[in-house]
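Below, chain A is the first sequence line, B the second, and so on; all start at residue 1. When reading the values below, keep in mind they use all heavy atoms of this one structure, side chains included, and skip hydrogens, waters and symmetry mates.
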Amino acid sequence: MLCRPMSEVNNLTAVRLEKRTALLGRGVPAYGAAFPVTGDVGEVRAGFVEGGKVTMAGRVTARRDMGKSHFLDLSDHSGRMQVYLQDKALGEEVVAVYGLLDIGDFVGVEGECFTTKTGEPSIKAEKFVFLGKSLHPLPEKWHGLQDVEARHRQRYLDLIANEHARNIFRQRFAIIREIRAFFEERGFLEVETPMMQAVAGGAAATPFETHHNALGMDLFLRIAPELYLKRLLVGGFTKVFELNRNFRNEGVSRRHNPEFTMLEAYWAYADFDMMATLVEELVCRVAQKVCGGLKIEHNDQEGMVRRTIDLSRPWRRAKYRDLVEEAEPGWFARDVSGRRNRALELGLDISHCVEDYEVTQHVFEKLVEEKTIDPCFVIHCPKELVPLAKTNPEDPSSLDVFELIINGQEIAPGYSELNDPVVQRERLVEQSGGEQHKIDEEFLHALEYGMPPAGGMGMGIDRLVMLLTGAESIREVILFPHLKPRAEA
RNA sequence: GGGUUGGUAGCUCAAUGGUAGAGCAGCGCCCUUUUAAGGCGUUGGUUGUGGGUUCGAGUCCCACCCGACCCA
């Protein structure tokens, strides 16, 4: 029932169209022009002074008519304010216009602040104008908009009807603002690098493809900004970050949207350990500012606390091997087939695991990652898992990297970035599986000029927002998540 | 891709295989301090789409569309 053509309007819309026509027939603009206001609805409420004059506009979200006096609720993102209208005060002509009002219309009022006998701060309207007629009824006033599909397809209705949704997005954009402030304070430069790339590098994922007509070349939407940010280290920048969209042409799920927001930061002369501290400080600052503390509570639908995540520092740092050994003692003492058998005994599905390290990784995911709720930096992961990091000088089978786990999920990886162009080329060739066109030669060429040692980190912002708001699905934290179009829409 | 599950009025939800209903919204009337205002009356449906079974299908079966959850 979405986006129906005007020819298929139902009765409710037809009635509203008639009211629109009636307004215009009376010479009353149904879609008014500029209407300078004292402030947003919430600001007017906050600045309420008995007897004070205010001008306010908003959407009518409730009306209570009582013969010759009327109460309206005007709302916007910031809140709700009651307006009181008296027929006697408005005059015959405005009363007739008021009769053409529907819930959902935008109106403007001017009047005096007063408190009703029930104690409700209100505006006694002296002036009443239409600013925007609504042709469709709003979702039900008490239950709001419940239908998940409609909430995502028509997010504007979700935002009108559901305060919870408004709060999540307010928090999302506060989080992003705080991230920028954090890096700014530490002297990092926010940069922009190409979203359209000739080679989609920096991660292992299927890219979206497009074509540049004038240049006659195929391009890919980036799957990561990493290889360009490193070019900036070559160019002499020492602290850079980018906070913007990545695109991956893969499945859509509770945790995946085809376009998602990624933070990447690179810090010359630092390493993975310094980056871990940076991430720790970043997340704590954001949580402190946006959530008001370091204990993050996730609630169930009844509002009961389902889980508490404690972000208090210092966060645990533990080696990958030690965590696996802790969860499954004796794991590394077994031989390859011993590990396979033990994984099967543990009830793990390892049928698709070819390599030994994959079996271990499966044990890690099920027995460590999924059970780690409070923050933990998993350090020195096996080198098969990460192609762009430096090997640990003390243990060549592992890397100088961390993977931050919070709430059973990977939140942020960080590396001591590989800056040896010869080793980097070997790794990329290995990763490309022999497909030359998947290797970013220009990046390797840049690296050959010399890149300083550096620490790097990445963080999926959508997942961070989920973590901090308790949202169960990525669609709850993305304003307009991708959904299949409806057949008739 | 596989499994489970859902789609009924504008919205929120009902309805043993047997006349598709309620609340809100809407429409009409009453009401000058209400706030899920109230009172009386009333309109509104190709039950996601297309087939099938049946005397009879919102309900059972098949296919498809669009979601949700779990798994890969």
Side-chain angles (χ1 to χ4, degrees), chain A residues 1-4 6 8-19 22 45 50 59-75 79-91 95 98-105 111-125 133-158 160-163 250-256 300-301 347-353 358 362 365-366 370 471-476 481-489:
Chain A
M1 297 298 107
L2 303 164
C3 308
R4 84 175 63 65
M6 277 295 199
E8 289 176 34
V9 294
N10 62 27
N11 275 341
L12 300 172
T13 300
V15 166
R16 285 165 180 248
L17 275 169
E18 282 167 21
K19 290 178 182 172
R45 178 177 276 273
E50 199 75 27
R59 190 188 288 277
V60 176
T61 48
R63 72 186 282 190
R64 295 174 287 280
D65 292 314
M66 315 193 45
K68 295 187 175 60
S69 73
H70 319 271
F71 294 91
L72 298 178
D73 285 349
L74 290 198
S75 304
R80 179 195 69 88
M81 184 80 188
Q82 177 168 272
V83 174
Y84 176 59
L85 303 99
Q86 266 184 315
D87 284 3
K88 204 168 71 181
L90 293 175
V95 169
Y98 176 84
L100 298 171
L101 178 73
D102 280 298
I103 291 175
D105 293 350
E112 188 174 298
C113 296
F114 79 108
T115 305
T116 65
K117 67 183 182 190
T118 54
E120 176 87 13
S122 307
I123 309 297
K124 184 179 278 185
K133 185 103 193 101
S134 170
L135 298 180
H136 298 296
L138 292 182
E140 204 242 6
K141 62 183 170 188
W142 191 242
H143 299 93
L145 184 64
Q146 296 293 322
D147 183 76
V148 176
E149 193 179 344
R151 286 186 45 234
H152 295 157
R153 286 188 197 280
Q154 295 179 278
R155 182 67 84 186
Y156 47 93
L157 292 182
D158 190 31
I160 292 169
N162 299 324
E163 191 184 3
E250 293 172 355
V252 173
S253 80
R254 203 163 64 86
R255 289 181 188 166
H256 298 86
D300 61 19
Q301 291 193 323
L348 301 177
D349 177 13
I350 53 161
S351 53
H352 58 284
C353 298
E358 291 176 307
H362 217 69
E365 283 171 8
K366 294 291 169 187
E370 286 185 10
E472 286 291 294
S473 163
I474 197 167
R475 292 174 210 107
E476 298 295 325
H482 285 280
L483 296 174
K484 275 198 184 184
R486 303 203 56 156
E488 287 172 305

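- Nucleic acid contact for A:Gln146: sugar-phosphate only, since backbone atoms but no base atoms lie under 4.0 Å from a heavy atom of the residue.
- Comparing B:C11, B:U35, B:A25 by their closest approach to the side chain of A:Thr118 singles out B:U35.
- For B:U34, the OP1/OP2 oxygens have no side-chain nitrogen or oxygen of A:Arg64 closer than 4.0 Å.
- One interatomic measurement links the two molecules: CG of A:Leu12 to P of B:C11, which rounds to 10 Å at whole-angstrom precision.
- With salt bridges taken as basic N to acidic carboxylate O contacts below 4.0 Å, none links A:Arg80 and A:Glu163.
- Taking atom CE on A:Met66 and atom P on B:C29, their separation rounds to 18 Å, with Å as the unit.
- Projected onto RNA chain B by closest heavy-atom contact, A:Gly144 and A:Asp65 fall at different nucleotides, the more 5' of which corresponds to A:Gly144.
- Between B:G26 and B:G45, the distance separating the two C1' atoms is 16 Å to the nearest Å.
- Nucleotides B:G17 and B:G58 are separated by 11 Å at their C1' atoms, to the nearest Å.
- Base pairing of B:G56 is not made with any nucleotide, judged by Watson-Crick or G-U wobble geometry with both donor-acceptor distances under 3.5 Å.
- Among the heavy atoms of the strands, none lies under 4.0 Å from A:Asp87.
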Taking only nitrogen or oxygen atoms into account, show me every contact under 3.5 Å that the protein makes with nucleotides 41-44 of chain B, one pair per line with its distance.
none

- request: Would you mind building the protein contact string for nucleotides 67-72 of chain B? One character per nucleotide, 5' to 3', B for base within reach (heavy atoms under 4.0 Å), S for sugar-phosphate only, - for untouched.
  value: SSSS-S
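- Between the base of B:U34 and the side chain of A:Thr116 there is a donor-acceptor pair shorter than 3.5 Å.
- Heavy atoms of A:Leu138 sit nowhere under 4.0 angstrom from any nucleic acid atom.
- In this structure, A:Gln86 places its CD atom 9 Å from P of B:U33, rounding to the nearest Å.
- When the C1' atom of B:C27 is taken as reference, atom CZ of A:Arg16 falls 13 Å away, rounded to whole Å.
- Between the C1' atom of B:U32 and the OH atom of A:Tyr98 lies a distance of 12 Å, rounded to the nearest Å.
- Residues A:Asp349 and A:His362 bring no donor and acceptor atom of their side chains to less than 3.5 Å of each other.
- Only the C1' atoms considered, B:C55 is 16 Å distant from B:U19, to the nearest whole Å.
- Within the nucleic acid shown, A:Lys141 comes within 4.0 Å of sugar-phosphate atoms alone, with no base atom in reach, counting heavy atoms only.
- Checking B:G26, B:U35, B:U33 against every side-chain atom of A:Tyr84, the shortest atom distance belongs to B:U33.
- Between the side chains of A:Glu140 and A:His143, at least one donor N or O lies within less than 3.5 Å of an accepting N or O.
- Considering only heavy atoms from C-beta on, A:Val148 stays 4.5 Å or farther from A:Arg475 through its side chain.
- Using C1' as the reference atom, B:C24 and B:G56 are 34 Å apart when rounded to the nearest Å.
- A donor-acceptor pair is defined here as one N or O able to donate and one able to accept, closer than 3.5 Å; no such pair exists between the side chain of A:Arg254 and the backbone of A:Ser473.
- The listed nucleotides are B:U33, B:U12, B:G26; the one nearest the side chain of A:Asp147 is B:U12.
- Between B:U32, B:G10, B:C27, one nucleotide has an atom nearer to the side chain of A:Ser69 than all others, and that is B:U32.
- A gap of 15 Å separates the C1' atoms of B:A63 and B:U53, to the nearest Å.
- Note that CG of A:Leu74 and CD1 of A:Ile123 are 9.0 Å apart. Values are rounded to the nearest 0.5 Å.
- Taking atom CZ of residue A:Arg151 and atom P of nucleotide B:U12, one finds them 11 Å apart after rounding to whole Å.
- Inter-residue side-chain proximity for A:Glu472 and A:Glu476 is flagged as unmet; no heavy-atom pair is nearer than 4.5 Å.
- Across the P atoms, B:A36 and B:G51 are found 48 Å apart, a figure rounded to whole Å.
- Straight-line distance from the CG atom of A:Leu145 to the C1' atom of B:A25: 14 Å, rounded to whole Å.
- Heavy-atom distances to RNA chain B give each of A:Gln82 and A:His143 a nearest nucleotide, and the one nearer the 5′ end belongs to A:His143.
- Taking atom P in both B:U8 and B:G48, the straight-line distance is 6 Å, to the nearest Å.
- No side-chain heavy atom of A:Gln146 sits less than 4.5 Å from a side-chain heavy atom of A:Pro139.
- Of the possible donor and acceptor atoms, one in the side chain of A:Asp105 sits under 3.5 Å from a partner among the backbone N and O of A:Ser134.
- In this structure, B:A22 and B:U12 make a Watson-Crick or G-U wobble pair, each of the two defining distances being under 3.5 angstrom.
- Between A:Glu18 and A:Lys133 no salt bridge is recorded (no basic side-chain N to carboxylate O distance below 4.0 Å).
- The partner of B:A68, taking Watson-Crick or G-U wobble pairs whose two distances both stay under 3.5 Å, is B:U4.
- Rounded to whole Å, the distance from NZ on A:Lys68 to C1' on B:C31 is 8 Å.
- For the atom pair OG of A:Ser69 and CZ of A:Arg64, the computed distance is 11.0 Å after rounding to the nearest 0.5 Å.
- For B:U49 and B:G6, the C1' atoms lie 16 Å apart once the distance is rounded to whole Å.
- With B:G10, B:C11, B:U34 as the candidates, the nucleotide lying closest to the side chain of A:Lys117 is B:U34.
- The partner of B:C27 is B:G41, by the rule that a Watson-Crick or G-U pair needs both atom distances under 3.5 Å.
- The distance from atom CG of A:Asn162 to atom CZ of A:Arg151, rounded to the nearest 0.5 Å, is 6.0 Å.
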